[in-house]
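Lettering follows sequence order; numbering is per chain, from 1.
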Amino acid sequence: MAKDFSTREDNYSKWYNDIVQRAGLAEASAVRGCMVIKPYGYAIWEKMQAALDKMFKDTGHSNAYFPLFIPKSFFSREADHVEGFAKECAVVTHYRLKNAPDGKGVVVDNDARLEEELVIRPTSETIIWDTYRQWIQSYRDLPILVNQWANVVRWEMRTRMFLRTAEFLWQEGHTAHATKEEAIEETYRMLDIYADFAENHMAIPVLKGFKSENERFAGAVDTVCIEALMQDGKALQAGTSHFLGQNFAKAFDVKFASKEGSLEYVWATSWGVSTRLAGALIMAHSDDHGLVLPPKLAPVQAVIVPIYKNGDEYDLVCNKARELKENLENHGILVKLDDRDTHKPGWKFNEYEFKGVPVRLAIGPRDVKNGTVEVARRDTLQKEVIAIDQAGKAVGSLLTEIQKGLYERALAFREANTHTADSWEVFNQLLDKKGGFILAHWDGTAETEQKIKEETKATIRCIPFDGNKESGKCVYTGKPSGQRVVFARAY
RNA sequence: CGGGGUGUAGCGUAGCCCGGUUAGCGCGCCUGCUUUGGGAGCAGGAGGUCGCAAGUUCGAAUCUUGCCACCCCGACCA
């Protein structure tokens, strides 16, 4: 085990922070609540972006960019929206600094107060719908399928690396449609893309479902989400897709002339995932040896560590290692050859283990002589020696196997930590002992959900799409219920 | 914003209660030699506004007051 490193058992949140820091993903910044995403962490985000961006484009979406600043008055156009975000908005009030009268540094110039304050976007629905009004006159202008990659700011009281920071990176899709049906279809289409991405790229199984009224996006008619389970038994909302109805169209007066000649309000969706996904990735797969990355999102899929005693051996081994690297690259594998002489092999082993590189290849004089290479997989920590001329093919299929294995391991964990509760007593026991997802009946009221939250800190993560429609009694009030919902304590 | 805690080299810390050498140690860093199949060893070396500001004192990392930052627990959080 790594020195100076916490275990999940010992201290889960310290373990998480240690991974973020020691794997070089991110670090705290000079600004409270904001983090610096370091090159290795950003490389993972770029791989996520690349995969998602392709999925968006493949479904007809285009990227665009809207301003960081939003006129304050825009927020009050939609009542629920302003209600939901008002408490966490950063506001720009001035546009100029001046030298301090006492000569020490600079101060805000009070003569440079903005006529209307600007809110730093916590999300962009308002400015986008204000813009869409200009873009839409006729049904021929629809649909508009736009996505934006951007940073947003939500002034959070308590922050955690990746999971909740004051500023974070995300994508937000904003679509406009002529019909309700089409908008609803889009809402589900994008949720399916998120679920596909989570399961096939991140190797994290997710539940799809509706948010309850309490958890719904401010301004949405319906919010659907994907929910993942972390190793400590807490749930994490990994992505959301909103059917906005005509709420924003009405708030920003966006109408179109239909084929029939009538003037109608436009139907809308919005959907997003953020750098929070990196947090999900860490907590879903990593172990007490450090980060574990699924091959599809690993910036380096295989690392080659040469082993040698002197200059002659170094040349011999590294020449072979370069051949090996080329071989792997020809199989489409992202390979790094670490031929630095400044660190010992043992040090490198630990380093790459900590950084979650899926496959490690060690090659020394013995291997050169025997035509072999040692292959170690990060997920199971198993090692084996294989023929070096088979390495390209072998590592390729090993990466596929690791990707699949991580998903299956996460799925098995979720299944082992999903329970049903039919009484308040069992509900509480499950929460205290195991956490995880709890399937329980709920009377459908916001009041009951609120009370459950106050008493147990558990919330309704989602009302699952695939939940069977068995009827039962609310676990809290005993009132009739038509379907089990998913409860959990959540990030 | 409430309750508690912590600020000493890049990181982790001792010293503080009870003021008094040149602020000590580990990791890391630099140089050299020996090493290299799971975090190397030895020798030498560099690196400090003791969070910031004021005060008490002959003298402050140490005592007093104020401020700032961070951490934990609450509150808050689609």
Side-chain angles (χ1 to χ4, degrees), chain A residues 1-5 11 13-14 17-18 21-22 27-34 80-89 104 122-123 125 152 154-161 163-166 168 170 172 210-225 227 236-242 244 270-274 276 289-290 305-314 317-318 338-354 360-370 372-374 376 381 383 385 449 453-454 457 459-462 490-491:
Chain A
M1 173 173 321
K3 286 187 283 189
D4 312 322
F5 179 54
N11 186 340
S13 63
K14 188 167 190 303
N17 286 331
D18 281 355
Q21 193 180 85
R22 295 277 304 278
E27 63 188 33
S29 72
V31 185
R32 181 217 293 264
C34 295
D80 290 337
H81 194 65
V82 67
E83 167 82 20
F85 285 106
K87 282 174 288 184
E88 50 189 33
C89 286
K104 291 177 184 170
T123 180
E125 273 78 6
V152 286
R154 297 178 188 180
W155 213 261
E156 302 287 354
M157 307 284 274
R158 269 181 83 178
T159 58
R160 295 196 66 185
M161 292 281 185
L163 299 174
R164 178 171 284 116
T165 46
F168 57 93
W170 76 344
E172 46 181 325
F210 293 98
K211 279 297 183 193
S212 66
E213 193 186 329
N214 284 348
E215 303 275 326
R216 192 178 294 153
F217 175 76
V221 173
D222 252 324
T223 290
V224 293
C225 63
E227 289 284 327
L236 183 84
Q237 175 178 296
T240 49
S241 183
H242 316 291
L244 302 174
S270 68
W271 27 273
V273 296
S274 72
R276 176 177 239 215
H289 299 267
V305 177
I307 291 153
Y308 52 89
K309 284 199 172 75
N310 51 49
D312 287 346
E313 282 189 1
Y314 178 85
V317 169
C318 284
D338 189 349
D339 57 3
R340 288 178 298 173
D341 191 36
T342 51
H343 295 281
K344 290 184 65 184
W347 188 91
K348 293 176 185 173
F349 287 0
N350 281 284
E351 177 75 0
Y352 293 111
E353 206 160 274
F354 216 94
R360 183 191 70 228
L361 300 156
I363 180 166
R366 217 157 58 210
D367 293 303
V368 175
K369 191 164 61 174
N370 299 337
T372 56
V373 61
E374 183 194 81
L381 299 168
K383 293 190 278 198
V385 175
E449 182 182 6
K453 182 180 176 181
E454 280 162 16
K457 289 181 189 165
T459 50
I460 295 172
R461 300 322 305 154
C462 71
Y491 279 101

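- The side chain of A:K457 has B:G74 as its nearest neighbour among B:G74, B:G39, B:U36.
- Nucleotide B:G66: paired with B:C52 (Watson-Crick or G-U wobble, both distances less than 3.5 Å).
- One interatomic measurement links the two molecules: NZ of A:K383 to P of B:G38, which rounds to 7 Å at whole-angstrom precision.
- With hydrogens and angles disregarded, a donor-acceptor distance shorter than 3.5 Å links the side chain of A:K211 to the backbone of A:R461.
- One atom, CD of A:E313, and another, P of B:U35, lie 12 Å apart when rounded to the nearest Å.
- The CG atom of A:N11 sits 10 Å away from the P atom of B:C72 (whole-angstrom rounding).
- Look at B:C29: its Watson-Crick or wobble partner, with both distances under 3.5 angstrom, is B:G45.
- Comparing B:G24 with B:U65, their C1' atoms are spaced 30 Å from each other, to the whole Å.
- Rounded to the nearest 0.5 Å, atoms SG (A:C462) and CD (A:E227) are 6.0 Å apart.
- Between the C1' atom of B:G37 and the CZ atom of A:R360 lies a distance of 10 Å, rounded to the nearest Å.
- Annotation: B:U8 and B:G26 have their C1' atoms spaced 15 Å apart (nearest Å).
- At a cut-off of 3.5 angstrom, the base of B:G37 holds no donor-acceptor pair with the side chain of A:K344.
- The nearest whole Å value for the distance from the CZ atom in A:R160 to the C1' atom in B:C77 is 14 Å.
- Taking the side chain of A:M157 as heavy atoms from C-beta on, and the options B:U36, B:C76, B:G38, the nearest nucleotide is B:C76.
- Using a 4.0 Å heavy-atom criterion, one finds that A:E353 contacts the bases of the nucleic acid, with or without backbone contacts as well.
- Checking B:G37 for Watson-Crick or G-U wobble geometry (two distances, each under 3.5 Å) identifies no partner in any strand.
- Comparing the same atom, P, in B:C11 and in B:G48 gives a spacing of 14 Å after rounding to whole Å.
- Side-chain N or O atoms of A:Y314 include one that pairs as donor or acceptor with a backbone N or O of A:D339 at under 3.5 Å.
- For the pair A:S13 and A:L381, nearest-nucleotide mapping onto RNA chain B gives the more 5' position to A:L381.
- The C1' atoms of B:G59 and B:G55 are separated by 15 Å, rounded to the nearest whole Å.
- Straight-line distance from the CG atom of A:D18 to the P atom of B:C11: 15 Å, rounded to whole Å.
- Comparing the C1' positions of B:U35 and B:A40 gives an interatomic distance of 7 Å, to the nearest angstrom.
- Under the Watson-Crick and G-U wobble criteria, each requiring two contacts below 3.5 Å, nucleotide B:G24 is paired to B:U13.
- Taking side-chain N and O atoms only, A:R158 has a distance below 4.0 Å to OP1 or OP2 of B:C73.
- Between B:U22 and B:C67, the two P atoms lie 35 Å apart (nearest whole Å).
- Going from atom CD of A:E454 over to atom P of B:A75 covers 10 Å, rounded to whole Å.
- Using the Watson-Crick or G-U wobble rule with both distances under 3.5 Å, B:C1 pairs with B:G74.
- Proximity of a side-chain donor or acceptor of A:D367 to a complementary backbone N or O of A:G364 within less than 3.5 Å is detected.
- The nucleotide whose nearest atom lies closest to any side-chain atom of A:F349 is, among B:G39, B:G37, B:G38, B:G38.
- The gap from the P atom of B:G15 to that of B:C63 amounts to 13 Å, rounded to the nearest Å.
- Side-chain atoms of A:M157 and A:E88, non-hydrogen and from C-beta on, never get closer than 4.5 Å to each other.
- Taking atom P on both B:C33 and B:C72, the two are 46 Å apart, rounded to the nearest angstrom.
- In this entry the distance linking CD1 of A:I307 with P of B:U35 reads 18 Å, nearest Å.
- At the phosphate of B:C72, neither OP1 nor OP2 sits under 4.0 Å from any side-chain N or O atom of A:K14.
- Among the nucleotides B:C77, B:G38, B:C1, the one closest to any side-chain atom of A:K87 is B:C77.
- Two residues, A:T223 and A:R366, neighbour RNA chain B, and the one matched to the more 5' nucleotide by heavy-atom proximity is A:R366.
- Base contact: A:F85 has a heavy atom under 4.0 Å from a base atom.
- Put simply, the side chain of A:T159 never gets that close to the backbone of A:A166: no donor and acceptor are under 3.5 Å apart.
- For the pair A:F217 and A:E125, the minimum side-chain heavy-atom distance is below 4.5 Å.
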